There are 2 protein chains.
Amino acid sequence: MSTGGEPKRRSACPLNASLEIFGDRWSLLVVRDLMFRGRRRFKDFLGSDERIATNILAERLQRLEANGIIERRRDARDARRVNYALTEKGIDLAPVLVEMIVWGARHEKTAAPPKMIRDMVRDRDAVVTAIRERWKNAKDT
Amino acid sequence: MSTGGEPKRRSACPLNASLEIFGDRWSLLVVRDLMFRGRRRFKDFLGSDERIATNILAERLQRLEANGIIERRRDARDARRVNYALTEKGIDLAPVLVEMIVWGARHEKTAAPPKMIRDMVRDRDAVVTAIRERWKNAKDT
DNA sequence: CCGGATCCGTTTCGATACTG
DNA sequence: CAGTATCGAAACGGATCCGG
């Protein structure tokens with residue numbers, strides 16, 4: 001399983017290229033957990049409301065890593081534990097996530113976490129910038 | 001198949017609500033064909049590079065309609081033909097599509113249609129506004 | 001325990017053939 | 001033209017097992 005696989009993909013359309021990577025029910029939920037909820041570990045992802053199965057999660061984590069969206073690292077202080085982190089490429093998904101969240105909050109009945117949604121609607125760029133800042137400062141974690 | 005089904009969905013997370021609707025390989029490609037390529041008919045969608053199967057296309061069209069993202073109408077001039085069109089809710093997906101296209105163009109090797117991509121990167125809001133204008137003017141079509 | 005891998009029944013997908 | 005019907009392949013997902 002070579003971790004640093006180059007994207008030899010050749011979709012005619014960039015949208016299709018994106019969908020080939022994260023066009024499924026689970027991949028972006030994992031990215032959300034990393035990006036907005038500070039989750040890092042296998043067990044954390046299992047705890048989300050959507051109840052992903054362990055085998056599905058394992059496969060998605062591999063796929064996201066193979067596509068350069070997340071990185072897998074052993075915890076520096078406790079070698080038994082594994083941490084996942086977003087790469088630059090993964091952080092660049094922030095605008096996509098924000099727009100999907102804004103759309104879902106506007107058009108679907110969700111038990112919406114109200115504050116962050118209102119922030120996103122009011123100033124999406126600020127939210128995206130804040131995410132980037134937070135990950136820049138946490139790069140050593 | 002009631003066409004005007006209300007979204008009784010209750011996802012805790014708006015992102016998950018969005019993914020429940022279009023979190024698959026094909027739905028957003030159909031929206032793209034409507035939004036950026038002026039396609040309206042079943043046959044048109046079949047003509048795209050990604051080669052969607054007829055049964056999958058039929059199901060996705062039904063699902064998008066059931067979720068209020070597209071409308072299905074018989075052609076006024078030729079009752080044999082069927083036209084699909086984006087609803088307001090569907091047009092509101094423009095920012096999502098634009099961000100996914102920008103991300104894909106930046107991070108994946110695609111045979112990129114260069115001009116519109118550069119426009120999107122330079123000024124996404126202008127592209128989204130242009131899409132809205134175009135659909136407002138074509139509402140009678 | 002944590003981070004998965006494996007097994008296995010069920011559901012969904014998708015290529016092709018076919019139909020009104 | 002605009003879809004259905006069919007049917008094998010793939011994905012899902014719950015349960016269980018396993019190495020560290």
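Within every chain, numbering begins at 1; the chains are lettered A, B, ... in the order of the sequence lines, protein sequences first and strands thereafter. Please read these numbers as outputs of a predicted model, since none were measured by experiment.
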**Prompt:** Can E65(B) and R73(B) be counted as an ion pair, charged N to O under 4.0 angstrom?
**Reply:** no
**Request:** Mind listing the closest non-hydrogen atom pair of T110(B) and A17(A) along with its distance?
**Result:** CG2-CB, 3.6 Å
**Message:** Main chain of P14(A), side chain of S18(A): is a donor-acceptor contact present, judged purely on distance under 3.5 Å?
**Reply:** yes
**Item:** Listed once per pair and sorted, the ring-ring contact (aromatic ring centres under 6.0 Å, His included) pairs that draw on residues 58-82 of chain A, sequence neighbours left out
**Value:** none
**Asked** Hey, is the main chain of G23(A) close enough, under 3.5 Å, to the side chain of R25(B) for a donor-acceptor pair?
**Response** no
Please tabulate the protein-to-nucleotide N/O contacts below 3.5 Å involving nucleotides 17-20 of chain C, giving atom names and distances.
residue: dA17(C); atom: N6; partner: T54(B); partner atom: OG1; Å: 3.3

**Prompt:** In chain order, what residues pass the side chain to side chain donor-acceptor pair (under 3.5 Å) check against R39(B), with sequence neighbours excluded?
**Reply:** S48(B)
**Prompt:** What parts of residues 42-51 of chain B reach DNA chain D, counting only heavy atoms under 4.0 Å away?
**Reply:** F42(B), K43(B)
**Request:** For residues R72(A) and Y84(A), report the shortest heavy-atom separation together with the two atoms involved.
**Result:** NE-OH, 3.4 Å
**Prompt:** Between I56(A) and R80(A), which is nearer to the 5' end of DNA chain D once each is assigned its nearest nucleotide?
**Reply:** I56(A)
**Asked** With a 4.0 Å cut-off on heavy atoms, is R72(B) in touch with a base, just the backbone sugar-phosphate, or nothing at all?
**Response** sugar-phosphate
**Prompt:** Of all residues at least two apart in sequence or in a different chain, which pass the side chain to side chain donor-acceptor pair (under 3.5 Å) check with R63(A)?
**Reply:** none
**Asked** How large an angle, rounded to 10°, do the end axes of the helix from dC1(C)-dG20(D) to dG20(C)-dC1(D) enclose when each is built from five base pairs?
**Response** 30°
**Item:** Minimum heavy-atom distance between I131(A) and A94(A), given as atom pair plus value
**Value:** CD1-CB, 4.1 Å
**Message:** According to side chain to side chain donor-acceptor pair (under 3.5 Å), who are the partners of R132(A), at least two apart in sequence or on a separate chain?
**Reply:** D92(A)
**Request:** Enumerate the residue pairs fulfilling salt bridge (Lys or Arg N to Asp or Glu O under 4.0 Å) with a member in residues 93-103 of chain A, sequence neighbours excluded, ordered by first and then second residue.
**Result:** E99(A)-R124(A)
**Message:** List the residues meeting side chain to side chain donor-acceptor pair (under 3.5 Å) with D119(A), not counting sequence neighbours, and say none if there are none.
**Reply:** K115(A)
**Message:** Expressed as a whole number of angstroms, how long is the span from L57(B):CG to dT12(C):P?
**Reply:** 19 Å
**Prompt:** NA contact type, R60(A), heavy-atom cut-off 4.0 Å: base, sugar-phosphate, or nothing?
**Reply:** sugar-phosphate
**Asked** Quick one: does I21(A)'s side chain get under 4.5 Å of E108(B)'s, heavy atoms only?
**Response** yes
**Fill in**
R40(A) atom CZ is separated from dG3(C) atom P, nearest whole Å, by 14 Å
**Residue pairs, two or more places apart or on separate chains, that pass ring-ring contact (aromatic ring centres under 6.0 Å, His included) and touch residues 14-54 of chain A** = F22(A)-W103(B)
**Complete:** note: E59(B), atom CD; dG14(C), atom C1'; distance rounded to Å ~ 11 Å
**Request:** Scan residues 22-33 of chain A against DNA chain D and write down, sorted by residue number, each residue with any heavy atom closer than 4.0 Å; if none is found, say none.
**Result:** W26(A)
**Prompt:** With distance as the sole criterion, is a donor-acceptor pair present between the side chains of N55(B) and E59(B) under 3.5 Å?
**Reply:** no
**Prompt:** On DNA chain D, which is the earliest and which the latest nucleotide, 5' to 3', with an atom closer than 4.0 Å to a heavy atom of chain B?
**Reply:** dC1(D) to dT6(D)
**Item:** Working for side chain to side chain contact (heavy atoms under 4.5 Å, CB included), residues R32(A) and L28(A)
**Value:** CA-CA 6 Å; R32(A) 172 204 65 184; L28(A) 290 185; over 6 Å; no
**Asked** Quick one: is Y84(A) getting a side-chain N or O under 4.0 Å of the dG4(C) phosphate, OP1 or OP2?
**Response** yes
